[in-house]
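To start, the structure under review is shown below, and the notes come after it.
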Amino acid sequence: MNVVGKAWRVLREQGPRGLVRRLSKRLNAAPSIRDLPVSWADAIAVDWTKPHPAVEHPLRVEANQVTVAWIMSPPGLGSGGHQNIFRFIKVLEDAGHTVRVYLYGDSEYGPAEVASMVAESSSYPTVAASFERLTDQGVASDVTAIVATSWETAYPSFRDGSPARRFYFVQDFEPWFYPVGSASVLAENTYRFGFTGITAGRWLAEKLRTEYGMPTHHYDFGADPTSYFRTTAGARDEVFFYARPSTDRRGFELGLMALQLVAQQRPDVTINLAGESLRGIEIPFEHVSLSGLSLEQLNTVYNRCATGLVLSLTNMSLLPLELLAAGVIPVVNDAPNNRLVSDNPFIDYVALSPRAVADRMLAILESADLSVNSAAAAASVAASTWDGAAAQFVEAFEGSMRD
């Protein structure tokens with residue numbers, strides 16, 4: 001694939017932020033200010049050492065219906081983070097609130113194109129939200145809540161002159177996305193803005209509250225039972241790996257090391273790699289490379305697998321619960337960022353040593369109780385749907401608006 005074609009694929013699958021990160025790696029240099037998704041003007045204008053008026057004197061609204069502005073970078077077709085953002089936009093709309101989406105940052109796609117992509121993609125929920133580009137004029141005057149959705153969007157949220165209540169929808173600890181330097185500091189500083197955080201899982205809520213004094217609420221992860229469910233009661237003899245080489249926090253190389261050991265000991269086992277295209281990457285063992293699967297196809301793959309490897313070096317992935325729902329035993333690196341998100345007894349937490357990970361996966365493959373454990377694993381998340389997370393989110397949002 002030529003350079004333009006590769007760039008287009010990354011932009012389509014991961015959005016503008018993913019393309020920026022990939023280009024930075026290709027240049028073998030730490031990101032410079034020009035490469036960052038936040039504008040120089042926004043970064044230099046924010047003095048977080050002085051409380052924002054909307055934080056110091058928070059707007060309180062008793063009304064059951066409010067207008068909420070979500071500020072986000074333009075989403076990509078395969079952007080899991082954006083898909084989750086729109087999941088909770090839909091939650092607020094279902095609760096009776098009005099949502100406006102404001103797109104921040106340079107993009108060749110305008111609001112109309114983004115709205116069409118979201119409406120036409122089965123990966124995104126159907127929303128009634130309007131779409132517009134964020135300008136220096138800021139959000140509309142009737143907006144009573146502003147939600148920043150990533151660190152770069154926290155800066156224009158801070159600069160906006162609106163008295164609207166400030167929220168921060170935090171899905172990961174974004175300073176760790178960068179080497180120590182300007183980018184990591186700019187990202188970390190956003191947790192000191194005083195915004196009310198609603199985080200993906202308990203680990204982030206505790207980290208941001210204890211280390212940065214940020215007021216936080218969290219929602220628990222869920223799995224969609226209509227997309228992920230157990231269909232195979234018999235033998236399972238395959239392995240799944242969530243493989244994302246462009247995302248350092250997913251431990252791609254460490255995963256390959258463990259799977260190479262699995263392949264050496266059990267060459268008969270099919271190893272499925274899915275997450276993004278692996279074209280041009282040399283994988284040191286026989287495998288099946290999967291990309292572009294529909295949810296139905298992905299669930300079919302899951303139901304052939306005994307175990308799935310999901311490494312998360314920052315916040316936990318959504319995949320372990322999805323794997324459980326399909327009867328797969330997930331192997332996840334043992335760390336507070338994962339255990340504080342889910343303590344499900346069927347998640348196999350293991351020290352992040354390639355040999356230890358491989359041994360655990362081999363033990364699952366060879367377990368005489370695999371079928372029984374598979375059924376119990378699926379049953380353990382039957383009640384862990386997104387409905388519970390939706391209720392937690394609405395309670396946190398509406399409670400904060402009245403507080």
Practice item. Check the pair Tyr212 / Glu188 against side-chain hydrogen bond (donor to acceptor under 3.5 Å, both in side chains), numbers first and verdict last. Key: CA-CA 9 Å; Tyr212 300 93; Glu188 185 178 23; 2.5 Å; yes

Study note, to complete from the structure: Separation between CG (Leu278) and CG (Leu290), nearest 0.5 Å, reads 9.0 Å

Exercise for review: Report the C-alpha separation of Gln171 and Asn315 in whole Å, then their side-chain angles, then the decisive distance to 0.1 Å, and conclude whether the side chain to side chain contact (heavy atoms under 4.5 Å, CB included) test is met.
Suggested key: CA-CA 7 Å; Gln171 300 192 73; Asn315 201 27; 5.7 Å; no

Practice item. Check whether any side-chain N or O of Asn338 sits under 3.5 Å from a backbone N or O of Ser312 as a donor-acceptor pair, and report yes or no. Key: yes

Point to revise | Tyr191 and Trp151: CA distance, side-chain angles, deciding distance, side chain to side chain contact (heavy atoms under 4.5 Å, CB included) verdict | key: CA-CA 8 Å; Tyr191 305 137; Trp151 77 263; 5.6 Å; no

**Study point:** Donor-acceptor contact present, side-chain Arg87 to main-chain Gln83, <3.5 Å
**Key:** no

Practice item. Can you see which heavy atom on Leu204 is nearest to which on Val170, and at what distance? Key: CD1-O, 3.7 Å

Check your understanding: Hey, does the side chain of Thr216 reach the backbone of Arg209 with a donor-acceptor pair shorter than 3.5 angstrom?
Key -> no

Check your understanding: Would you call Asp237 and Arg304 a salt bridge, using N to O less than 4.0 angstrom?
Key -> no

Review point. Can you tell me how far OG of Ser289 sits from CG of Leu273, rounded to the nearest 0.5 angstrom?
Key: 6.0 Å

**Study point:** Heavy-atom pair with the smallest gap, counting every atom of Thr307 and Val331
**Key:** OG1-CG2, 3.4 Å

Check your understanding: Does Ile71 offer a backbone N or O that forms a donor-acceptor pair with the side chain of Thr149 under 3.5 Å?
Key -> yes

Exercise for review: Sort out for me which residue in Phe88, Phe397, Trp70 forms a ring-ring contact (aromatic ring centres under 6.0 Å, His included) with His97.
Suggested key: Phe397

Study note, to complete from the structure: What one should report as the nearest heavy-atom pair of Thr231 and Asn303 is N-OD1, 2.6 Å

Point to revise | Arg165/Asp403 under salt bridge (charged side-chain N to carboxylate O under 4.0 Å, His left out): CA gap, chis, key distance, verdict | key: CA-CA 11 Å; Arg165 192 71 176 248; Asp403 192 5; 5.0 Å; no

Exercise for review: List the steps and the verdict of side-chain hydrogen bond (donor to acceptor under 3.5 Å, both in side chains) for Ser400 and His217.
Suggested key: CA-CA 10 Å; Ser400 295; His217 308 267; 3.3 Å; yes

Practice item. Could you tell me which non-hydrogen atom of Ala45 sits nearest to which non-hydrogen atom of Arg159, and how far apart they are? Key: CB-NE, 3.4 Å

Check your understanding: Can you list every pair that meets salt bridge (charged side-chain N to carboxylate O under 4.0 Å, His left out) and has a residue in residues 285-301, with sequence neighbours left out?
Key -> none

Practice item. Give the intermediate values and the outcome of side chain to side chain contact (heavy atoms under 4.5 Å, CB included) for residues Val262 and Leu362. Key: CA-CA 7 Å; Val262 171; Leu362 288 165; 4.1 Å; yes

Study note, to complete from the structure: The side-chain contact (heavy atoms from CB on, under 4.5 Å) partners of Gln297 (sequence neighbours excluded) come to Leu293, Ser294

Review point. Among Ile89, Val127, Val66, Val91, which residue meets the side chain to side chain contact (heavy atoms under 4.5 Å, CB included) test with Val99?
Key: Ile89

Check your understanding: Do Asp334 and Arg360 sit within salt-bridge range, that is, some charged N less than 4.0 Å from a carboxylate O?
Key -> no

Exercise for review: Kindly say whether Met117 contributes a backbone atom to a donor-acceptor pair with the side chain of Ser121 at under 3.5 angstrom?
Suggested key: no

Check your understanding: For Ser384, what residues pass the side-chain hydrogen bond (donor to acceptor under 3.5 Å, both in side chains) criterion, not counting sequence neighbours?
Key -> none

Check your understanding: Has the side chain of Glu238 got a donor or acceptor atom that lies under 3.5 Å from a matching backbone atom of Val269?
Key -> no

Exercise for review: Determine the minimum heavy-atom distance between Ile146 and Ala164, stating which atoms define it.
Suggested key: CG1-CB, 3.9 Å

Check your understanding: Is a side-chain N or O of Asp172 found less than 3.5 angstrom from the main chain of Glu174, in a donor-acceptor match?
Key -> no

Practice item. Kindly say whether Glu206 contributes a backbone atom to a donor-acceptor pair with the side chain of His218 at under 3.5 angstrom? Key: no

Practice item. Sequence neighbours left out, what pairs pass ring-ring contact (aromatic ring centres under 6.0 Å, His included) with at least one residue falling in residues 265-323? Key: Tyr228-Tyr302, Phe240-Tyr302

Review point. So how far is it from Arg236 CZ to Ile329 CD1, rounded to the nearest 0.5 Å?
Key: 8.5 Å

**Study point:** Pair Asp343 + Arg339, salt bridge at N-O below 4.0 Å
**Key:** no

Review point. How close do Val55 and Gly194 get, heavy atom to heavy atom, and via which atoms?
Key: CG1-O, 3.6 Å

Practice item. Take Ser157 and Phe195 through the test side chain to side chain contact (heavy atoms under 4.5 Å, CB included) and record every step on the way to the result. Key: CA-CA 10 Å; Ser157 299; Phe195 297 174; 3.9 Å; yes

Exercise for review: Give a yes or no answer on whether the side chain of Ser227 reaches the backbone of Asp224 with a donor-acceptor pair at less than 3.5 Å.
Suggested key: no

Practice item. Mark yes or no for whether Arg244, through its side chain, and Gly275, through its backbone, hold a donor-acceptor pair below 3.5 Å. Key: yes

**Study point:** Crowding at CG, Asp136 (>12 non-hydrogen neighbours, <6.0 Å)
**Key:** no

Review point. Would you say the side chains of Asp47 and Thr49 form a donor-acceptor pair under 3.5 Å?
Key: yes

Can you give each donor-acceptor pair under 3.5 Å made by side-chain atoms of residues 388-396, sequence neighbours left out, with the distance rounded to 0.1 Å?
from   : atom 1 : to     : atom 2 : distance (Å)
Gln392 : OE1    : Asp220 : N      : 2.7
Gln392 : NE2    : Asp220 : OD2    : 3.0

Review point. For the atom pair CG (Leu309) and CG (Asn272), what is the distance rounded to the nearest 0.5 Å?
Key: 12.5 Å

Review point. Between Tyr104 and Tyr155, is the ring centre distance below 6.0 Å?
Key: no

**Study point:** Flag if over 12 foreign heavy atoms under 6.0 Å of CD1, Ile281
**Key:** yes

Point to revise | Distance, nearest 0.5 Å, that separates CZ of Phe229 from CD of Glu322 | key: 13.0 Å

Exercise for review: Would you give the length of the straight line joining atom CD of Glu152 to atom OG of Ser150, rounded to the nearest 0.5 angstrom?
Suggested key: 3.0 Å

Review point. Sequence neighbours excluded, which residues qualify as side-chain hydrogen bond (donor to acceptor under 3.5 Å, both in side chains) partners of Arg60?
Key: none

Point to revise | Derivation and outcome, side-chain hydrogen bond (donor to acceptor under 3.5 Å, both in side chains), residues Ser246 and Glu276 | key: CA-CA 9 Å; Ser246 68; Glu276 66 185 33; 2.8 Å; yes

Exercise for review: For the pair Trp176 and Trp203, name the ring-plane relationship: parallel under 30°, tilted 30 to 60°, perpendicular over 60°.
Suggested key: tilted

Exercise for review: Could you please spell out the steps behind the side-chain hydrogen bond (donor to acceptor under 3.5 Å, both in side chains) verdict for Tyr168 and Thr190?
Suggested key: CA-CA 9 Å; Tyr168 199 161; Thr190 63; 2.9 Å; yes

Practice item. Taking the six-membered ring of Tyr102 (Phe, Tyr or Trp), confirm whether the NZ or CZ of Arg133 is under 6.0 Å from its centre and within 45° of its axis. Key: no

